[in-house]
Protein chains: 2
Amino acid sequence: MDATTDQRPLKRTRGRQKIEIKKVEKENSRYVTFSKRKNGIFKKATELSTLCGADVAVILFSEHGKVFSYGNPNVEKVLDQYLAETEEGDDNSCVLESGSNGGTLTQTLQEQDYEKSLRRLEEMKRTLKMVKKEQ
Amino acid sequence: MDATTDQRPLKRTRGRQKIEIKKVEKENSRYVTFSKRKNGIFKKATELSTLCGADVAVILFSEHGKVFSYGNPNVEKVLDQYLAETEEGDDNSCVLESGSNGGTLTQTLQEQDYEKSLRRLEEMKRTLKMVKKEQ
DNA sequence: CATCCTATGTTTAGCAT
DNA sequence: GATGCTAAACATAGGAT
């Protein structure tokens, strides 16, 4: 073989492979995936926060129970506000449970305005549909 | 120029444009961006959860204070566990504040094992570095 | 183990509807 | 103000280090 005239595209890697969204079997791969995607989500969270002036909190528990979290302005502030709103709306809160894999979308209806609540419900339904579809 | 013999690929759109990660000026664009990226993060959260058997909670407040959240198995369970751990670890908890935009990475060191705490600190530093770099 | 590499799968900015 | 479209930006699986 003459390396100088080699015509092969010479692909160094197989590139990103398509995967099914189900539990990664190989323990090591699962760990690596968790690590990479955790960073990915945190990055997305900071971007959303910066781009749209939104407050955000992300809390993760690895399968071994290790905690990881990110928040802007910080986790506690976001949680406090979330808890405050969910409490105050005792019979005004709305929780939708997705049956597929136990995933849950929660949205508190804290406004008194009925129309706002309606719009929020719609939004929630759309999001639920989206998330379920994507799985 | 002869339009009929035009050899251009005829691009219908400009495709995804590169943007700076800073507050989107146009109000409408900002809203659309929030909506799209919110869905993106929820999707990423469900994927991470499914792929790695991790528990996750994401809470978002739009700039107008509207709440959106996603959790697996559900937001409350994840928050409860998070709060339980952060409480118990009063002088064992560790919070790093990123000065740049007020973003905060929090990680509770609940294990008694010192080495685990050390490893965790490293992880936390790496994450912080990553997030700050990406902005 | 975290990180680097790179081909490819996935997300999304800017418009149009 | 949510959705569909398309091209380009971006994230990441698999493998190597």
Side-chain angles (χ1 to χ4, degrees), chain A residues 8-52 54 58 62-64 66 68 115-116 118-131 133-135, chain B residues 8-48 50-52 58 62-64 66 68 115-116 118-131 133-135:
Chain A
R8 283 177 306 170
L10 182 57
K11 302 190 178 177
R12 296 167 177 285
T13 77
R14 292 203 282 141
R16 179 177 183 174
Q17 296 298 292
K18 183 168 191 145
I19 61 167
E20 257 189 286
I21 302 302
K22 58 166 190 166
K23 185 161 183 174
V24 175
E25 294 299 341
K26 288 180 58 183
E27 186 172 342
N28 186 58
S29 302
R30 193 165 63 239
Y31 180 86
V32 173
T33 296
F34 179 78
S35 175
K36 287 182 173 182
R37 281 175 175 260
K38 168 173 63 58
N39 289 342
I41 285 195
F42 284 170
K43 182 180 173 186
K44 291 288 189 186
T46 62
E47 291 185 348
L48 177 55
S49 178
T50 304
L51 290 169
C52 308
V58 179
S62 76
E63 60 182 333
H64 299 307
K66 223 170 150 180
F68 300 88
E115 291 199 20
K116 280 186 184 175
L118 263 188
R119 256 178 277 133
R120 183 172 284 209
L121 221 199
E122 301 264 311
E123 168 75 30
M124 180 165 43
K125 283 179 183 170
R126 271 195 304 277
T127 308
L128 217 190
K129 199 176 74 182
M130 194 280 297
V131 170
K133 184 181 64 183
E134 302 296 359
Q135 301 192 333
Chain B
R8 282 177 307 171
L10 181 57
K11 303 189 179 178
R12 295 167 177 286
T13 77
R14 291 203 282 139
R16 179 177 181 176
Q17 296 300 289
K18 182 171 193 140
I19 61 167
E20 257 188 286
I21 302 301
K22 57 165 192 170
K23 185 161 184 174
V24 176
E25 294 299 339
K26 288 179 60 183
E27 186 171 342
N28 186 59
S29 303
R30 192 166 64 240
Y31 180 86
V32 173
T33 296
F34 180 79
S35 176
K36 288 183 173 179
R37 281 176 175 259
K38 169 173 62 58
N39 289 343
I41 285 193
F42 284 170
K43 182 180 173 187
K44 290 289 186 184
T46 61
E47 291 185 348
L48 178 55
T50 304
L51 290 169
C52 307
V58 179
S62 76
E63 60 183 334
H64 299 307
K66 222 171 151 180
F68 301 87
E115 290 199 21
K116 280 186 184 173
L118 262 188
R119 257 177 278 132
R120 184 172 282 208
L121 221 199
E122 301 265 310
E123 169 75 31
M124 179 164 43
K125 283 179 183 170
R126 272 195 303 278
T127 308
L128 217 189
K129 199 175 75 182
M130 195 276 300
V131 170
K133 183 181 66 184
E134 301 298 0
Q135 302 192 331

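Everything numeric in this text was worked out from a predicted model, so none of it was measured. Chain identifiers are assigned alphabetically (A, B, ...) following the order of the sequence lines, protein sequences preceding nucleic acid strands; residue numbering begins at 1 within each chain.
DNA chain D contains the following stems of three or more consecutive Watson-Crick or G-U pairs, with both distances under 3.5 Å: C:2-17 with D:2-17.
Remark: P of D:dA11 and CG of A:Leu48 are 14 Å apart, rounded to the nearest angstrom. A:Arg16 has its CZ atom 13 Å from the P atom of C:dT8, to the nearest Å. Distance CD1 (A:Ile19) to P (C:dG9): 12 Å, rounded to an integer number of Å. The CD-P distance, from A:Glu20 to D:dT12, rounds to 18 Å in whole Å. A straight line from NZ of B:Lys66 to P of D:dG1 spans 9 Å, rounded to a whole angstrom. Spacing between atom CG of A:Asn28 and atom P of C:dA2 amounts to 9 Å, rounded to whole angstrom units. Following rounding to the nearest Å, A:Phe34 (CZ) and D:dT12 (P) show an atom-to-atom distance of 13 Å. Atom pair B:Glu27:CD and D:dA2:C1' shows a separation of 16 Å (rounding to whole Å applied).
The side chain of A:Lys11 places no N or O atom within less than 4.0 Å of a non-bridging phosphate oxygen (OP1 or OP2) of C:dT6.
When every heavy atom of B:Leu51 is checked against every heavy atom of A:Glu20, the shortest pair comes out as CD2-O, 3.7 Å.
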Using nucleotides 15-17 of chain D, report all nitrogen or oxygen pairs with the protein that are shorter than 3.5 Å.
| residue | atom | partner | partner atom | Å |
| --- | --- | --- | --- | --- |
| D:dG15 | OP1 | A:Arg14 | NH2 | 3.4 |

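Applying the side chain to side chain contact (heavy atoms under 4.5 Å, CB included) criterion to B:Ser29, with sequence neighbours excluded, gives B:Val24, B:Lys26. Remark: A:Ala45 pairs with A:Val56, A:Val58, A:Tyr70, B:Ile41 by the side chain to side chain contact (heavy atoms under 4.5 Å, CB included) rule, at least two apart or across chains. The side chain to side chain contact (heavy atoms under 4.5 Å, CB included) search around B:Val32 returns B:Asn28, B:Lys36, not counting sequence neighbours. Residues satisfying the side-chain hydrogen bond (donor to acceptor under 3.5 Å, both in side chains) criterion with B:Arg14, sequence neighbours excluded, are B:Gln17.
A distance of 10.5 Å separates SG of B:Cys52 from NE2 of A:His64, quoted to the nearest 0.5 Å. Between the NZ atom in B:Lys23 and the OG atom in A:Ser49 there is a gap of 10.5 Å [rounded to 0.5 Å]. Atoms NZ and NZ, from A:Lys66 and A:Lys38 in turn, are 8.0 Å apart once rounded to the nearest 0.5 Å.
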> Would B:Glu25 and B:Arg30 count as a salt bridge (charged side-chain N to carboxylate O under 4.0 Å, His left out) if you check the C-alpha gap in whole Å, the side-chain angles of each, and the deciding distance to 0.1 Å?
Replying inline: CA-CA 7 Å; B:Glu25 294 299 339; B:Arg30 192 166 64 240; 5.7 Å; no

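Projected onto DNA chain D by closest heavy-atom contact, B:Leu51 and B:Lys18 fall at different nucleotides, the more 5' of which corresponds to B:Lys18.
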